[in-house]
2 protein chains.
Amino acid sequence: MTRASTTSRRNAVREALSECEGFRSAQDIYAALRADGSKIGLTTVYRALQALCDAGEVDVLRTDEGEAVYRACRTEEHHHHLVCRDCGRTIEVAGPAVERWAAAIADEHGFSEITHTVEIFGRCADCTGAE
Amino acid sequence: MTRASTTSRRNAVREALSECEGFRSAQDIYAALRADGSKIGLTTVYRALQALCDAGEVDVLRTDEGEAVYRACRTEEHHHHLVCRDCGRTIEVAGPAVERWAAAIADEHGFSEITHTVEIFGRCADCTGAE
DNA sequence: ACGGTTTTGACAACCGTTTTCATTTTGTCC
DNA sequence: GGACAAAATGAAAACGGTTGTCAAAACCGT
């Protein structure tokens, strides 16, 4: 897991990403940086996100519409997310029980080289209250 | 969960889907039907899949590349998938423990109206052996 | 058979993402 | 600091999956 190179553009993307609570699309980041006066290009945002992603500094997942959304993760360790579908607020959760369950299921059916995706979506307390 | 209307084209898509073991993209289905001599259009395949999907007759999920893939599910009940990343063979698995875990995590953080995605990917015994 | 609704398919439009390529910036060795 | 090579950048074009448009065809109840 080599660290992504740190150019000023990449740092800008890193920073924009770490300033928000939830998952954001490449275009969101681009719009935010532009709004801040940056002259960054959309292509560069995509490339920076990909680099950060490869380096393991950010998590990616796909929305139901197939759009890729990114988030700076606090921990380097394997974890999953509890995401508010209204405000996007995201909580990182560890799930050793789920890891074991997935491994057991796979083993039972003779599958190897397991990976898995586990994400939980809901409405957070604030959004439920503010309705 | 109203049943999707049954036109001949929709049935063709239904059938094509139920004839294969794993998740298939809209374009795969289209190609298969065309190869069988059907004059169906790509648009219609997309529409049929969406209808079947709305009716709960098929499951959809997104590949890492953002492509939507579909599968006729055997059971109407809530379940997850164990998917071979080589041949696409898919096994439906129930995970009451995971359901409980997800509910508990959500509750603990004050989240409500929970949904979740849980998919396991790996290499099945056949593909491991045939390598 | 008739009129109205639904479905269909060719094609164009869309949208997020990637590629291309010429220009700019960065790093390094002198 | 200056020169040069390598890496990064941005505008625009290309791409690929998916959705919208619209006229023609199939289907339905009478």
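This structure is a prediction, so every number in the text was calculated from the model and none was measured.
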Rounded to the Å, how far apart are [X] [atom1] and [N] [atom2]?
X     : N      : atom1 : atom2 : value
B:N11 : C:dT8  : CG    : C1'   : 15 Å
A:D54 : D:dA8  : CG    : P     : 13 Å
B:R9  : C:dT8  : CZ    : P     : 7 Å
A:L33 : D:dT9  : CG    : P     : 12 Å
A:L52 : D:dA8  : CG    : P     : 12 Å
B:E65 : C:dC15 : CD    : P     : 23 Å

Exercise. So which pairs with a foot in residues 83-112 of chain B pass salt bridge (Lys or Arg N to Asp or Glu O under 4.0 Å), sequence neighbours left out?
Worked result: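 Checked against salt bridge (Lys or Arg N to Asp or Glu O under 4.0 Å) - neighbours excluded - the pairs reaching residues 83-112 of chain B are B:R71-B:E92, B:D86-B:R123.
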Exercise. Which residue pairs satisfy the salt bridge (Lys or Arg N to Asp or Glu O under 4.0 Å) criterion with at least one member in residues 23-48 of chain B, sequence neighbours excluded?
Worked result: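 Applying salt bridge (Lys or Arg N to Asp or Glu O under 4.0 Å) to every pair that reaches into residues 23-48 of chain B, excluding sequence neighbours, yields nothing.
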Problem set entry | Partners meeting ring-ring contact (aromatic ring centres under 6.0 Å, His included) with A:H109 (sequence neighbours left out) |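 Partners of A:H109 under the ring-ring contact (aromatic ring centres under 6.0 Å, His included) test: none.
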Seminar exercise, completed: Within residues 14-22 of chain A, the residues having a heavy atom closer than 4.0 Å to DNA chain D are none
Rounded at 0.5 Å granularity, tell me how far [atom1] in [X] sits from [atom2] in [Y].
X      : Y     : atom1 : atom2 : answer
B:T90  : B:H80 : OG1   : NE2   : 14.5 Å
B:R14  : B:L52 : CZ    : CG    : 5.0 Å
A:H116 : B:L82 : NE2   : CG    : 12.5 Å
A:T115 : A:H78 : OG1   : NE2   : 9.5 Å

Seminar exercise, completed: In short, ring pair (Phe, Tyr, Trp, His ring centres under 6.0 Å) pairs touching residues 11-66 of chain B with sequence neighbours left out are B:F23-B:H81
For this session: Scan B:T44 against the nucleic acid and name what it touches under 4.0 Å (heavy atoms): base, sugar-phosphate only, or nothing.
Result: base
Exercise. How does protein contact run along nucleotides 11-30 of chain D, one letter per nucleotide 5' to 3', with B for base contact, S for sugar-phosphate only, - for none, heavy atoms under 4.0 Å?
Worked result: BB----SBBBB---------
